[in-house]
Amino acid sequence: MTQELSTTYAPNEVENKWYKTWNDGKYFAPKKGKVDEGFCIIMPPPNVTGKLHAGHALDITTQDALIRFKRMKGYETLFLPGMDHAGIATQSKVEELVWNESKKKKHDFTREEFLEKIWAWKEEYGGFIAEQQRVMGASCDWDYSMFTMDAEPNEAVREAFVELYNQGLIYQSDYIVNWDPKLQSAISDAEVEHKEVQGAFYHIHYKVAGSDTLLEVATTRPETLLGDSAVAVNPKDERFAHLIGKKAIVPICNREVPIVGDEHVDIEKGTGCLKVTPGHDFNDFEIGQRHKLEMINILNKDGTLNELGLEWEGLTCKKARSKVVAKLEELGQFVKEEKHVHQVGHGDRSKAVIEPMISKQWFVDVQDMAKVAVDSVETEKTKFYPKGWENTYYSWMREPKNWCVSRQLWWGHRIPVFTCGSCNHQWADKALKPDTCPKCSAKDLEQDPDVLDTWFSSGLWPMTTLGWPNKERMQERGFDRFFPTSVLVTGFDIIFFWVARMMMMGTKFTNKIPFHKVYIHAIVRDKQGRKMSKSLGNGIDPIEMVDTYGADAFRFALAAGSGYNRNINLDPERIGGYRNFINKIWNAFRFISPVLELGSSELPENLDDQEKWILAELNDTAKIMNDSIEEFRYDDSCSAIYSFVYDSFCSWFIELSKNIVNGEDEAKKIQRATVLKYCFREIVALLHPMTPFITEELWTHLKEETEPLLIQHDYPEFKESLAFTDEQKNMNKFIEVVSSVRFLRQSVNIKPKDEVVVALFTDEEETANYFNANKSGISELARAKEVTVESKSSQRPSKAIMKASVHTEIFLPLEGVIDLSDQIKRLEKDLAKVQKEYDKVSKKLGNEKFMANAKPDVVIEVKEKATDFEGQLKSINERLEAFKA
RNA sequence: GGGACAUUAGCUCAGCUGGGAGAGCGCUACCCUUACAAGGUAGAUGUCGGCAGUUCGAUCCUGUCAUGUCCCACCA
């Protein structure tokens, strides 16, 4: 068989083959296992316009590893995929496309015509990303796949909206909202990013009507004075309090406005005198409401000034600003300009400067829902991993703002609110197209033109995908089995947008939390820690990584970098490193494959020392894997299996097995083959969640005919019967001795092929017995023609080099000339090192307070160390003396 | 303005309730040894950000300063 397997593993073909086998064989479908419990992860649906990026790859890897792990543990697992319609992104994309094709704009079509174009685009180009998810090995059940604009989600949206509407939790209001002039739509608070911008304070004189008094007002937005409807001062401010109740005259437009007293005005800030523009400033809006001021809108939907902008009508705010300032200078009412850095809101999608503007929008009153959602996390019904992210969640949810859910777009779930043309009755309806007005039965109905914020439907997603609100569908898709879902895996950037909304909607409509655990994974960055971006050109294309290194290596690299950290700085070289690891596994298999047939499937009774050791190491690894995956510490899982495979299994156990496997003792050979096979079966099983492809491939050679594919096989667990701690201790000494011999050989340039004599001196009886029993192992791995084991009372070889461990002195007797000065230097270095350690512990033992206060077992430990170091020092000193004599 | 998190080997990071500083990658030297050169063997490297405190003992706890990243907040 060895001849058939090449020395390097070629992943691509294997990967395609297995994905097809699993998928065609319905291995991803939920199936009852030995644990009668569901385990469900709803995949965060990627944008339909999207292309797989490194963040998605991490998403898939962490979720799929969990799903595969739980599937093997015997849970009924469901990894449920989906796709998001991504309102703004998709609409913009198609608008651009249509413009390039026909130089036509959205409004050159009817709403229906344009929506048809978007759907057509979605059918043809959308969903490319799902293909890429398959390449990564995502074991999701594609039969469950849902698109957020499908009929089912639409039904859920209508159900939820109407419920909230009828409970009075959705209301329409003329309110100041974040207006995105580029999208020409309102957006929610969460969608506004505040960015630092270099601006200025402009100081302007307002005249007080009927007097010569001038009020100096400071503003960053002088152009908005055209919409001023008051000047406000703090009533406690002695400078201005007497003016309250008088009128001020807004420059340029000469509007006479009241001077009001309001606590909000900060006496220290600016000039202490505030111009109030309720139509275009959130604070001023509130002041306006308190004092019943006029709300003046001076902007068009595209962010340019309207007719109230006078001679500057049609200009953007930015352009109008300097012109207004120039005019003020001309009028002699401009005082000065001071540079000022401040935070300005930008749309997180459009990047446009957000204009606060009053408009009629739909809002969800989230106050009560947010309280429940906060409580669910406080009482740990839903737990965050890592726990620290709770704070981010709380910071938003403890002081929530009502959620503006209407968007002036076309692509999205249409708001199910209807108005009767004849009696003006307004109501929300679960029916797609109600026929008649419930009040007057008229047929002349009009639906609200706006669509809902994408996050409204996303908030319902865990319920929607499991069939809610349709009873039959819920039955079919296993709502009772899978809801609440087990884990939500996502990035921290959408804790507000998504996690918070799902928590609110979930608890509102089902009285249950939508998921038990939330794992917030890191953000993938480039190797220098920079965000991956198109402009920097530092993005890592997952598909390219898979082509170059294989999906398993890429998955392992991502998993190995994932724990409770915030960033993964991904360097393709590291993926290459793990590709080498995958190849190592492949070659380890090539070693054992010729003897696989010899091995039986039951572990033998009379395990030898080495076999007990490797099984105990394997057992420990299984324990770490089980515990760490459960807690999303993939970094720990990966490093445990990595070092087991690399160090314990390949470097020591395989090396120690070579002579047995190639030897004459048939019984021993069969026994060793059995243990090798057992270990390898466990290795591929342990690795399967991270590296599903190569493990499934190798499994075909390891499994019994009657056994299922690895994807369904039992996950290894810790077994009390395989805990051999004594054998582990002894083997560690063995490893130390062999490494020391290798080191000594190199220190005098003994060629790898040349054989040496090894003389060991130890006073530990058990250790001596172990070395005697495993002499052949030492000879093979250290290239010794002779190994002797004696007590420390025995005569040491006269001409030899030596290294002292805590338990054993290792001597290499040498013929010919030894460079004594070299050896002395080396031993003195060892001596200094050990002496330093010894001084540390003996100082402790001499410290009365330590002896009195430290825990007893710590004292014992330190005493033992002192004894060990003493022995080691003695060994080294004796040898030094011998050399110097 | 408020808050969170971080600072450990050249790089990326791990270090559980305080008790001899770790991993991977990279680096150096030697080796084509019959699974593997995508390999083997061995090795070097740290005032655990600074200062002060608590303690018998601090990478770990407290305070403080510095640096960095991120989040929130009404653009006077």
Side-chain angles (χ1 to χ4, degrees), chain A residues 2 5 7-9 194 197 199 201-202 217-221 224 232 264-266 269-277 280-286 340 342-345 353-356 388-389 391-392 395-396 399 492-493 495-496 523 527-529 549 553 560-561 563-571 573-574 576-594 633 635-636 638-639 642-643 650-651 654-655 658 662 739 742-747 749 751-753 783 836-837 840-841 844 847-855 857-859 861-862 865 869:
Chain A
T2 309
L5 301 175
T7 59
T8 50
Y9 168 63
H194 290 271
V197 163
F201 266 138
Y202 300 90
V217 166
T219 177
T220 54
R221 303 193 56 188
T224 62
H264 165 76
V265 179
D266 185 339
K269 206 166 178 182
T271 59
C273 227
L274 180 66
K275 66 189 262 316
V276 183
T277 323
H280 298 289
D281 184 285
F282 288 92
N283 287 314
D284 293 4
F285 179 79
E286 282 174 18
H340 175 61
H342 57 149
Q343 303 282 326
V344 177
V353 172
I354 297 306
E355 299 293 347
W389 288 114
N391 291 331
T392 305
S395 77
W396 179 263
E399 286 171 47
F492 75 85
D493 46 336
I495 290 178
F496 303 146
I523 298 287
K527 65 174 173 180
Q528 290 159 47
Y549 302 111
Y564 290 171
N565 46 333
R566 292 184 168 225
N567 297 308
I568 297 179
N569 295 357
L570 194 62
D571 182 350
E573 267 187 50
R574 294 188 60 120
Y578 290 119
R579 184 267 316 266
N580 297 353
F581 173 59
I582 300 291
N583 199 49
K584 185 86 179 172
I585 296 166
W586 177 256
N587 278 296
F589 177 77
R590 288 179 65 233
F591 172 78
I592 67 161
S593 79
R633 290 305 303 255
D635 48 351
D636 290 345
C638 289
S639 79
Y642 185 98
S643 71
C650 291
S651 295
I654 284 188
E655 292 303 326
K658 281 181 178 169
N662 297 324
S739 299
R742 288 169 174 167
F743 171 78
L744 288 171
R745 294 173 57 110
Q746 288 198 9
S747 79
N749 285 325
K751 290 253 152 51
K753 277 181 189 159
R783 282 243 155 208
K836 207 174 140 195
E837 298 296 336
K840 237 188 228 171
V841 290
K844 275 189 181 180
N847 182 340
E848 278 172 36
K849 285 181 176 171
F850 171 76
M851 298 303 280
N853 293 323
K855 279 179 259 169
D857 45 330
V858 172
V859 175
E861 207 179 302
V862 172
K865 272 178 203 162
F869 290 142

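Lettering of chains follows the sequences in order, A, B, ..., and the numbering in each one begins at 1.
- In this structure, of B:C75, B:A35, B:C25, it is B:A35 that holds the atom nearest to the side chain of A:Ile654.
- Between A:Tyr642 and A:Tyr578, the ring planes are perpendicular. Angles over 60° get that label, and only those under 30° would be called parallel.
- Across all strands, A:Cys638 comes closer than 4.0 Å to no nucleic acid atom at all (heavy-atom distances).
- Taking 4.5 Å as the limit, every side-chain heavy atom of A:Trp396 sits out of range of all side-chain heavy atoms of A:Ile495.
- Inter-residue side-chain proximity for A:Phe850 and A:Val859 is flagged as met; some heavy-atom pair is nearer than 4.5 Å.
- Residue contacts shown for A:Ile592 are absent, as no nucleic acid heavy atom lies under 4.0 Å away.
- In this structure, A:Arg633 reaches the B:G15 phosphate: one of its side-chain N or O atoms is under 4.0 Å from OP1 or OP2.
- One atom, OH of A:Tyr564, and another, P of B:C5, lie 16 Å apart when rounded to the nearest Å.
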Both atom distances under 3.5 Å, Watson-Crick or G-U wobble: I'd like the secondary structure of RNA chain B as a dot-bracket string, with | for pairs made across strands. (((((((..((((.....[..)))).(((((.......))))).....(((((..]....))))))))))))....

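- Residues A:Phe492 and A:Thr392 are not in side-chain contact: their nearest non-hydrogen atoms beyond the backbone lie 4.5 Å or more apart.
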Summary of protein contacts for nucleotides 36-43 of chain B, nucleotide by nucleotide, where a base hit scores B, a sugar-phosphate-only hit scores S (4.0 Å, heavy atoms): B-BSSBSS

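- Of the possible donor and acceptor atoms, one in the side chain of A:Arg745 sits under 3.5 Å from a partner among the backbone N and O of A:Arg783.
- When each of B:A73, B:C75, B:A21 is scored by its nearest atom to the side-chain atoms of A:Gln343, the top-ranked nucleotide is B:A73.
- Of the two residues contacting RNA chain B, namely A:Asp571 and A:Asp281, the nearest-nucleotide position lying further toward the 5' end is that of A:Asp571.
- OP1 and OP2 of B:C75 both lie 4.0 Å or more from every side-chain N or O belonging to A:His340.
- Residues A:Thr8 and A:Trp586 have side chains not in contact (no heavy-atom distance under 4.5 Å, counting atoms from C-beta outward).
- Between A:Thr224 and A:Asp281, every side-chain heavy-atom pair lies at or beyond the 4.5 Å cut-off.
- In the set B:A76, B:A4, B:C75, B:C75 carries the atom at the smallest distance from any side-chain atom of A:Pro356.
- The ring pair (Phe, Tyr, Trp, His ring centres under 6.0 Å) check on A:Phe201 picks up A:His340, with sequence neighbours excluded.
- Across all strands, A:Asp284 comes closer than 4.0 Å to no nucleic acid atom at all (heavy-atom distances).
- For A:His264, the ring pair (Phe, Tyr, Trp, His ring centres under 6.0 Å) criterion is met by no residue, not counting sequence neighbours.
- Partners of A:Glu655 by salt bridge (charged side-chain N to carboxylate O under 4.0 Å, His left out), not counting sequence neighbours, listed by chain and number: A:Lys658.
- At a threshold of 4.0 angstrom between heavy atoms, the contacts of A:Val265 include nucleobase atoms, whether or not backbone atoms are also involved.
- Applying the side-chain hydrogen bond (donor to acceptor under 3.5 Å, both in side chains) rule to A:Glu861 yields no partners; only residues at least two apart in sequence or on another chain are considered.
- Nearest to the side chain of A:Asp635, among B:C75, B:A14, B:A76, sits B:A14.
- The listed nucleotides are B:G19, B:A76, B:U34; the one nearest the side chain of A:Asn662 is B:U34.
- Across all strands shown, A:Val841 has no heavy atoms under 4.0 Å from either base or sugar-phosphate atoms.
- Residue contacts for A:Thr219: at a heavy-atom cut-off of 4.0 Å it reaches the sugar-phosphate backbone alone, with no base atom in range.
- In this structure, of B:A4, B:A73, B:G24, it is B:A4 that holds the atom nearest to the side chain of A:Asn391.
- Distance from the side chain of A:Phe496 is smallest to B:C72 among B:A76, B:C72, B:C56.
- The interatomic distance linking A:Trp396 (CH2) with B:A73 (C1') rounds to 11 Å, in whole Å.
- Between B:G1 and A:His342, no contact under 4.0 Å exists linking OP1 or OP2 to a side-chain N or O.
- Taking the side chain of A:Phe492 as heavy atoms from C-beta on, and the options B:C56, B:C70, B:A76, the nearest nucleotide is B:C70.
- Here the side chain of A:Thr220 is nearest to one of B:C13, B:A76, B:C56, namely B:A76.
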